[in-house]
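Below is one structure; the comments refer to it alone.
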Number of protein chains: 2
Amino acid sequence: MRFGANYTPSKHWWHTWLDFEPDSIRRDLDQLAGLGLDHVRVFPIWSVFQPNRGVVREKAVEQLLELVRIGARAGLDVTVDGIQGHLSSFDFYPSWTQTWHHRNVFTDPDVLEGQVLLLRTLATALRGEPNFLGMTLGNEMNNLVAHNPCTAAEVDVWLDQLLEAVNAADPDHPHCHSAFDDAWYVDDHPFTPLASATKGAMTTVHPWVFTLNAARRYGPQSTEIHHLAEYGTELARAYGTPDRVIWVQEVGAPAPHIPVEHAVEYAEQTIGNVATCQNVWGLTWWCSHDVNRRFIDYPELEYGLGLFDSDGNAKPLAKAVQKAVHAELPKPVDRTTALLFDGKRSDSGPGGRFFEAWMRLAAEGRRPAIVRESSPEYLAARGVTEVLTV
Amino acid sequence: MRFGANYTPSKHWWHTWLDFEPDSIRRDLDQLAGLGLDHVRVFPIWSVFQPNRGVVREKAVEQLLELVRIGARAGLDVTVDGIQGHLSSFDFYPSWTQTWHHRNVFTDPDVLEGQVLLLRTLATALRGEPNFLGMTLGNEMNNLVAHNPCTAAEVDVWLDQLLEAVNAADPDHPHCHSAFDDAWYVDDHPFTPLASATKGAMTTVHPWVFTLNAARRYGPQSTEIHHLAEYGTELARAYGTPDRVIWVQEVGAPAPHIPVEHAVEYAEQTIGNVATCQNVWGLTWWCSHDVNRRFIDYPELEYGLGLFDSDGNAKPLAKAVQKAVHAELPKPVDRTTALLFDGKRSDSGPGGRFFEAWMRLAAEGRRPAIVRESSPEYLAARGVTEVLTV
């Protein structure tokens with residue numbers, strides 16, 4: 001299992017594309033490599049990279065490449081999200097998708113053409129870098145659904161077309177997409193679990209403890225919270241093929257959902273429990289550095305999510321992650337007992353009937369798989385010998 | 001009367017803040033100075049200058065200063081619009097005013113605080129530059145009204161607060177605001193003629209021939225079009241004090257409203273007719289350079305408005321403006337006959353009863369003033385001896 005961090009530049013946050021300072025980035029990445037992490041996930045800002053639908057800025061692409069190479073020198077691999085889109089509560093729309101030029105970013109064919117241009121340009125530039133890991137279409141693009149209404153069928157088409165564009169530009173790396181938890185837990189959300197679990201090279205999960213108020217509902221030291229990322233991983237597995245690789249792409253300890261004094265325990269438990277899952281590509285902590293307080297208006301919890309503070313000091317969390325990376329983690333376990341999930345998405349989320357049934361088993365020390373079908377062939381492929389129902 | 005151009009960088013348009021290339025800007029400004037122009041109006045992009053409500057980027061301010069100094073070396077004065085806001089059909093909103101952070105840009109106190117920070121920072125940085133002319137709050141901010149509903153009273157408060165901030169930061173230069181023609185011609189538009197004619201150091205007018213389809217309605221070679229900027233200037237005068245200085249801040253020849261073959265004639269007529277108005281600070285042509293075709297999605301007319309094409313070749317329009325600048329223009333005339341305007345704003349716009357009455361006089365070779373009151377004191381101050389009614 002690989003360990004990394006979602007990179008949030010200490011000095012300029014992702015406004016660093018406007019004020020690109022290699023020395024500051026180098027210091028940040030050296031710190032992360034120093035923890036034993038092996039990769040970072042990085043985020044172009046859409047409006048800065050593509051200020052016009054027909055123009056992906058050459059200098060921005062050069063700076064992205066420079067960032068990847070700074071990563072290489074630090075000993076880090078780099079994975080790149082294409083379209084931001086959404087980051088830490090802020091949406092970054094280029095002017096050509098807004099107001100007088102408003103066009104739905106999921107369904108408008110001209111916007112799609114622009115997005116394809118951006119992703120193709122980035123993938124083409126990145127594919128030759130030895131430490132490039134692949135692209136994610138964009139960070140939690142489903143945050144844009146509220147302002148760009150679309151159906152599940154439209155999202156599926158959009159995902160297929162963008163993934164095809166990236167795969168065509170760079171067939172050599174695994175490319176993914178990502179969604180925040182509504183995809184898994186909200187019944188009518190147009191980003192579906194099947195889209196997450198079948199499109200792209202891996203399934204990405206972002207099991208955040210604030211989703212549906214999970215940490216407040218169960219408590220920050222509860223079974224439900226300590227096993228949340230493990231559960232999210234196993235739930236995702238139920239929607240894909242048995243051998244589908246899963247990437248815990250974002251997980252973090254947002255206060256006050258996880259009070260600061262419990263953050264280390266939360267990280268240890270989360271990492272240890274995810275480690276028991278089969279076929280996990282890796283775990284990427286959110287995030288590397290606290291948001292500098294000179295940047296205002298972020299939700300309060302965004303300021304304290306870093307492994308390092310914005311002055312570059314390692315927080316206790318950094319040491320916990322460092323320890324986990326170097327420790328003998330639990331081995332992936334054979335999950336021979338599965339819990340059959342045949343309900344609605346909301347049943348499987350925090351507060352849901354299925355979620356709580358799975359957590360009751362976890363509280364007994366069991367590590368159930370999750371299945372959505374119980375044919376002998378499927379169960380055999382999953383290595384499941386016993387199926388429980390809720 | 002001073003002559004200048006609204007500067008539109010030939011290489012990167014105003015995305016030049018993302019790709020700042022002094023050499024290209026120097027070539028552009030040398031070309032403009034070569035025509036005999038004495039100033040340019042320039043446009044920071046809000047989302048680039050202030051990506052976060054609490055942060056006005058130092059580097060952006062430095063680049064703005066560098067642009068002003070390149071202007072100085074070319075022999076050009078520079079006037080700076082603060083908040084873009086709106087340019088050539090595109091709106092540039094920072095993410096902290098959009099979607100999850102949506103706040104009305106005219107009425108939200110936190111947004112106001114951010115705008116004050118931006119304007120104060122720019123005015124403070126600019127005030128010491130010998131060729132700095134002053135600021136306009138932003139280009140036609142009333143284009144943002146449609147997506148930020150507000151009342152006239154709210155706009156007045158907003159204008160007063162921002163002008164106060166700029167004047168406090170730089171008491172040495174005249175600072176203005178600007179609005180597109182709806183302020184003058186649309187009855188319920190919250191930017192009012194009185195706000196334009198009484199707030200800030202000068203009244204700015206942007207008499208565009210496409211407003212209310214004027215050029216199509218009357219024809220590109222009509223009295224109405226050739227006298228449109230003169231009329232707009234005199235109408236603006238009716239709303240302010242008799243000695244109020246007026247700046248024809250934007251005027252241009254958009255095809256097909258003004259077909260290319262009539263552009264030179266339109267420029268000559270417009271400049272010559274504006275020259276007959278008293279107390280005009282200057283005329284600033286829109287714009288310096290055609291929009292490069294690699295930038296897509298602009299309304300078609302935006303691509304051809306330049307004095308120079310995007311390769312830097314002077315168009316016939318450039319020569320017409322150059323000739324006008326060096327020619328003996330008509331002298332300001334005493335407008336002893338006034339037409340009394342006591343109608344609604346819409347009466348005074350193209351197609352309106354008052355507009356057409358004034359134009360009938362102009363067609364007879366007369367140059368009427370416009371007054372909104374007829375007290376002997378006021379008329380005396382205006383030098384008006386005869387008042388006609390519509």
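This is a predicted model, so every value here is computed, not measured. Below, read A as the first sequence line, B as the second, and so on, with proteins coming before strands; counting in each chain starts at 1.
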**Study point:** Parallel, tilted or perpendicular, as decided by the 30° and 60° cut-offs, for the rings of F43(B) and W286(B)
**Key:** tilted
Exercise for review: Sort out for me which of K59(A), Q98(A), H101(A) touches chain B most, counting heavy-atom pairs under 4.5 Å.
Suggested key: H101(A)
Practice item. Heavy-atom pairs under 4.5 Å with chain A are the metric here; pick the option from S95(B), S47(B), A60(B) that has the most. Key: S95(B)
Practice item. Before accepting this row, confirm whether a basic side-chain N of the pair R103(B)/D297(A) lies closer than 4.0 Å to the acidic partner's carboxylate O. Key: yes
Review point. In terms of heavy-atom pairs under 4.5 Å, which option from D91(B), N143(B), D110(B) contacts chain A the most?
Key: D91(B)
Point to revise | Winner by heavy-atom pair count (cut-off under 4.5 Å) against chain B, out of W17(A), F90(A), Y298(A) | key: F90(A)
Study note, to complete from the structure: Under 4.5 Å to a heavy atom of chain A? For H86(B) that would be side chain
Practice item. Evaluate the ring planes of F295(B) and H15(B), with Trp represented by its six-membered ring, and classify them as parallel (under 30°), tilted (30 to 60°) or perpendicular (over 60°). Key: tilted
Review point. Which of parallel (below 30°), tilted (30 to 60°) and perpendicular (above 60°) describes F191(A) and H177(A)?
Key: tilted
Check your understanding: Is the closest basic N to carboxylate O distance between R57(A) and E62(A) below 4.0 Å?
Key -> no
Check your understanding: Considering only heavy atoms, which portion of R293(B) lies under 4.5 Å from any heavy atom of chain A: side chain, backbone, both, or neither?
Key -> neither
